[in-house]
Amino acid sequence: MLGIAERLDTAVTTATATPQLEQPLTLAEAYEVQAALLNRRYQRGEKRIGLKMGFTSRAKMVQMGVEGMIWGRLTDRMLVEDGGDIDFSTYVHPRVEPEIAFILKAPLMGSVTPAAALAAVGGVAPALEIIDSRYKDFKFSLTDVVADNSSSSSFVVGAWSDPAQDISNLGMILEIDGVARQIGSSAAILGHPLRSLVAAARLAEAAGEPLQAGSVVMAGGATAAEALAPGQHVRLVVQNLGRVEFNVK
Ligand code: OOG
Ligand code: MG
């Protein structure tokens, strides 16, 4: 497990693709690799700040050809300032996807109802996730991608809004250089993005790392992801929640 974590970590730090894993992992082993991979980052001074959910929409599962919800860990180093720049050369083959982010104002753990989850939310925001599979050609099995921290690479969060509003079916437009490239709805995320937060609370506790006040949760891509290239300006507009953007240098 440690060998695989080291190999994936080197792929991150050198921005070089690694071949698909030779031996299939069980799901439990894949999450062990992910934990070991993150421990290497924590040893370099990174701080865990939240969790990202993956494959919470049909569009994402269909694009990547896998079935089943996954999660990954987010660190402070992955956070890109809204309106900021990312350096293309530090990624393998980055893609961007439109998401909804939550920030918690209270701990949230175990089996909770959507209403209880909402009561722990301090803010909701439009968010862009920059995913970057460390595997060659962006191809992986469900367990391979879990080991690779579920392709987590960077993320950008817009202004936080009051969570006391209906976020069940908000229009989402992902633009690259002013052209709409993906159009969707927050309803694509498990029918309601709060369901993704409910799942995150359960999965984080099961992993022994329950969500805390201040934790950020990314609910998962509402549409398929788009490949990035240097020079692009990427913007997401979410109905009622506003915009979030970044530039690719
Ligand atoms: C895996 C990560 C999935 C999402 O939002 O569904 C994910 C990938 O597609 O590389 O982040
Ligand atoms: Mg995502």
Side-chain angles (χ1 to χ4, degrees), residues 8 11-12 15 17-21 25 27 30-31 33-34 37-38 49-75 78-80 86 91-102 124-158 167 170 172 174 181-200 203-204 215-228 234 236 238 244 246:
L8 289 166
V12 173
T18 190
Q20 286 66 31
L21 301 181
L25 299 171
L27 197 58
Y31 279 109
V33 173
Q34 185 190 120
L37 177 64
L38 268 288
I49 59 170
L51 182 156
K52 59 121 344 136
M53 296 297 295
F55 302 135
T56 50
S57 70
R58 273 317 296 163
K60 280 290 303 178
M61 286 191 271
V62 168
Q63 182 181 32
M64 301 318 297
V66 293
E67 285 281 335
M69 218 159 43
I70 59 174
W71 62 279
R73 290 149 167 116
L74 300 174
T75 76
M78 299 178 187
L79 184 61
V80 173
I86 65 162
Y91 299 82
V92 182
H93 35 213
R95 296 180 180 178
V96 65
E97 55 195 20
E99 305 212 4
I100 300 286
F102 296 102
V124 56
L128 288 162
E129 183 178 24
I130 297 143
I131 49 170
D132 192 24
S133 176
R134 267 55 67 163
Y135 298 111
K136 200 165 172 292
D137 303 325
F138 223 113
K139 287 209 167 67
F140 43 69
S141 64
L142 192 74
T143 52
D144 281 11
V145 68
V146 164
D148 185 25
N149 198 21
S150 299
S151 301
S152 300
S153 188
S154 303
F155 65 107
V156 196
V157 180
I167 59 160
L170 301 178
M172 299 172 72
L174 175 67
R181 297 278 287 266
Q182 292 286 343
I183 298 175
S185 160
S186 60
I189 304 165
L190 296 174
H192 193 312
L194 263 183
R195 294 208 181 105
S196 183
L197 181 60
V198 166
L203 293 165
S215 291
V216 173
V217 174
M218 297 279 287
T223 71
E226 288 285 326
L228 290 173
V234 181
L236 168 67
V238 179
V244 54
F246 68 93

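Both counts, for ligands and for their atoms, begin at 1 and track the order of listing.
Taking every non-hydrogen atom of Gly54 and a distance limit under 4.0 Å, the qualifying atoms of ligand 1 come out as 3 (C), 4 (C), 6 (O), 7 (C). Annotation for ligand 1: atoms under 4.0 Å from non-hydrogen atoms of Gly221 are 4 (C), 5 (O), 6 (O). Atoms of ligand 1 lying under 4.0 Å from any heavy atom of Gly220, numbered from 1 in the order shown and given with element: 5 (O). Numbered from 1 in the order shown, with element, the atoms of ligand 1 that lie under 4.0 Å from a heavy atom of Phe138 read 10 (O). Near Glu99, meaning under 4.0 Å from any of its heavy atoms, are these atoms of ligand 1: 5 (O). The contact set between ligand 1 and Phe140, taken as ligand atoms under 4.0 Å from a residue heavy atom, comprises 8 (C), 10 (O). The distance from ligand 1 to the heavy atoms of Ile131 drops below 4.0 Å at these ligand atoms: 8 (C), 9 (O), 10 (O), 11 (O).
Residue contacts with ligand 1, taken as heavy atom pairs separated by less than 4.0 Å, involve Lys52 solely via side-chain atoms from C-beta onward. Under 4.0 Å from ligand 1, the heavy atoms of Met53 that appear belong solely to its backbone. Contact annotation: for Ser150 versus ligand 1, heavy atoms closer than 4.0 Å belong to the backbone alone. Contacts between Met218 and ligand 1 below 4.0 angstrom, taking non-hydrogen atoms only, are absent altogether.
Of the N or O atoms in Thr56, none lie within a sub-3.5 Å distance of an N or O in ligand 1.
Of the possible donor and acceptor atoms, none in the side chain of Asp148 sits under 3.5 Å from a partner among the backbone N and O of Leu8.
Residue Ser153 comes nearest to Ile131 through the heavy atom pair CB-C, 4.2 Å, listed as atom of the first residue, atom of the second, then distance.
Among all non-hydrogen protein atoms, the one lying nearest atom 4 (C) of ligand 1 is Glu97 OE2, 3.2 Å. The protein heavy-atom contact nearest to atom 9 (O) of ligand 1 is Lys60 NZ, 2.8 Å. Nearest protein neighbour of atom 6 (O) of ligand 1, counting heavy atoms only, is Phe55 N, 2.8 Å. Among all protein heavy atoms, the one lying closest to atom 10 (O) of ligand 1 is Ser151 OG, 2.7 Å.
Rounding to 10°, one obtains 110° for the angle at the Mg ion (ligand 2) between OE1 (Glu129) and OE2 (Glu97).
Under the 30°/60° scheme for interplanar angles, the aromatic rings of Trp71 and Tyr31 are found to lie parallel.
Taking CD from Gln20 and OH from Tyr135, the interatomic distance works out to 8.0 Å, rounded to the nearest 0.5 Å.
For the side-chain contact (heavy atoms from CB on, under 4.5 Å) with Pro193, the lone residue among Ile167, Leu170, Thr56 that qualifies is Ile167.
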